[in-house]
Amino acid sequence: MDYENFFADTLSGLKAEGRYRIFAELERHAGDFPHATHYHGDTTDAVTVWCSNDYLGMGQDPRVLSAMQDAIAECGAGAGGTRNIAGTTHLHVLLENELADLHNKEAALLFTSGYVANLTTLSTLGSQLPDCVILSDALNHNSMIEGIRAGRSEKLIFRHNDPKHLDELLSGFDRSRPKIVAFESVYSMDGDIAPIGEMCDVAQAHGALTFLDEVHAVGMYGNRGGGVAERDGVMDRVDIVQGTLAKAFGIMGGYISASRQLVDFVRSNGAGFIFTTALPPALAAGALTSIRLVRPDNDLRARHQERAATLKRRLAETGLPVMPSECHIVPILVGDARLCKEATDLLLEHHNIYVQPINYPTVPKGTERLRLTPSPIHDDGAMDELIDALLDVWNRLELKKAA
Ligand SMILES: *Cc1c(COP(=O)(O)O)cnc(C)c1O
């Protein structure tokens, strides 16, 4: 086997399809988000970032930064081991208590990322619950898909956000058989939102556990930032809430929040929890501070929603093909991988605006798009520049406008 040739050929294929990923080399500037320095070749440019998942700009909040600095000064750099081997610090315990309280659950469990939280929890439950079957939304995130696959239980896929189809599929199983319904609240590529209450009604009627990924909602929805389940008044209907500390909370790490027994079960059996070093205490300290700041701040949530609504309205007024979205995420349809990449290259080279192209396999072919994430710190001036730049790029590439 000529390994190097194999790798090179595969990469050429990606390039030919226009979906080879090139990372923009950026340096974010705390205190000056959403601005960053773009490094390319021997030069640098000041750019505005329009696609960050640091949705609320908490990654630069001075109170969060100082909590992290204090924790480094007091506790040092790393956690010192897995949670079992000296890695459970006071800050980890405080953070888990905070997360349990955020979701009105008995307990919570930290993981090194949201990805690992999904992978570990679903694979552990899927493999350990006797004869378990998992029902998974057709558009679930890769981390859930991989978790379900790793658990090797039976798996069925229901049509996206379709409680009726879920009901049909569940009807094929004995009520006593263990089942998990796995879905997300906010789907971050289309910006649509699951009917959580209806999904829980169906799951409950069939005796299934519900597993809800609220990664794109925690901090941003609900009266205390508990997510869409809180907003919809159905938090107590969801058995397992999964979230991240990396998006609205601006740091890194993931978690689940659920009953004491379930959390203890995953803590005691989940390989992706047991066999890896705990999050550094400084990350736990930063996340704890960030959550405590975001929880009561309904003004911040209102400003975030206002920015998203304003951008959607203004894009629609100019005829740019903004896709329908029920949340803070603003997708614009391009419909072709190569053009999508060219559009984002032009935005960066000619307008110093950074948006990354969203191509297959993240979204279906023919629906390639730009995905904008306006935050409370993107002001009207930045929005003017963005819209002018998009119109210029749409003209240059003769992209389709709204029908
Ligand atoms: C980002 C994301 C994750 C993973 O979270 P990380 O903390 O970034 O690992 C999980 N689920 C969904 C839907 C996501 O978009």
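As the structure is a prediction and not an experimental result, all values here were calculated from the model. The first residue in the sequence is number 1, and the count goes up from there. Both ligands and their constituent atoms are indexed starting at 1 by order of listing.
- Salt-bridge annotation for D264 and R260: absent, with no side-chain N of the basic residue lying under 4.0 Å from a carboxylate O of the acidic one.
- Nearest-heavy-atom check against atom 13 (C) of ligand 1 across E184, M144, Q242 picks out E184.
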- request: Go through the steps for D45 and H40 under the test side chain to side chain donor-acceptor pair (under 3.5 Å), then give the verdict.
  value: CA-CA 8 Å; D45 281 307; H40 54 112; 2.7 Å; yes
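- Residue contact check: K247 has heavy atoms under 4.0 Å from atoms 1 (C), 2 (C), 3 (C), 14 (C), 15 (O) of ligand 1.
- Of all atoms in ligand 1, numbered sequentially from 1 with element shown, those under 4.0 Å from a heavy atom of S113 are 7 (O), 9 (O).
- For the residues Y115, Y187, F111, Y255, the heavy atom positioned nearest atom 9 (O) of ligand 1 is part of Y115.
- Annotation: atom 7 (O) of ligand 1 to nearest protein heavy atom, T244 OG1, 2.6 Å.
- With respect to the salt-bridge test (charged N to carboxylate O, under 4.0 angstrom), the residues R369 and D190 qualify.
- For the ring-ring contact (aromatic ring centres under 6.0 Å, His included) with H378, the qualifying choice from W50, F33, Y55 is W50, the only one to do so.
- Considering both main-chain and side-chain atoms, G114 comes within under 3.5 Å of ligand 1 through a nitrogen or oxygen pair.
- Heavy-atom contacts of N118 reach the following atoms of ligand 1: 10 (C), 11 (N) (cutoff under 4.0 Å).
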- prompt: How far apart are the C-alpha atoms of D345 and K341, what are their side-chain angles, what is the distance that settles it, and do they pass the salt bridge (Lys or Arg N to Asp or Glu O under 4.0 Å) test?
  reply: CA-CA 6 Å; D345 286 348; K341 175 81 178 76; 2.6 Å; yes
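- Under a cut-off of 6.0 angstrom, the local environment of CZ in F265 is crowded, with over 12 non-hydrogen atoms contributed by other residues, nucleotides or ligands.
- The shell of residues lying under 4.0 angstrom from ligand 1, judged by heavy atoms, includes S143.
- Relative ring orientation between H328 and H304 is described as tilted, the plane-to-plane angle lying within the 30° to 60° band.
- Note on ligand 1: M252 sits outside its first shell, no heavy atom being nearer than 4.0 Å.
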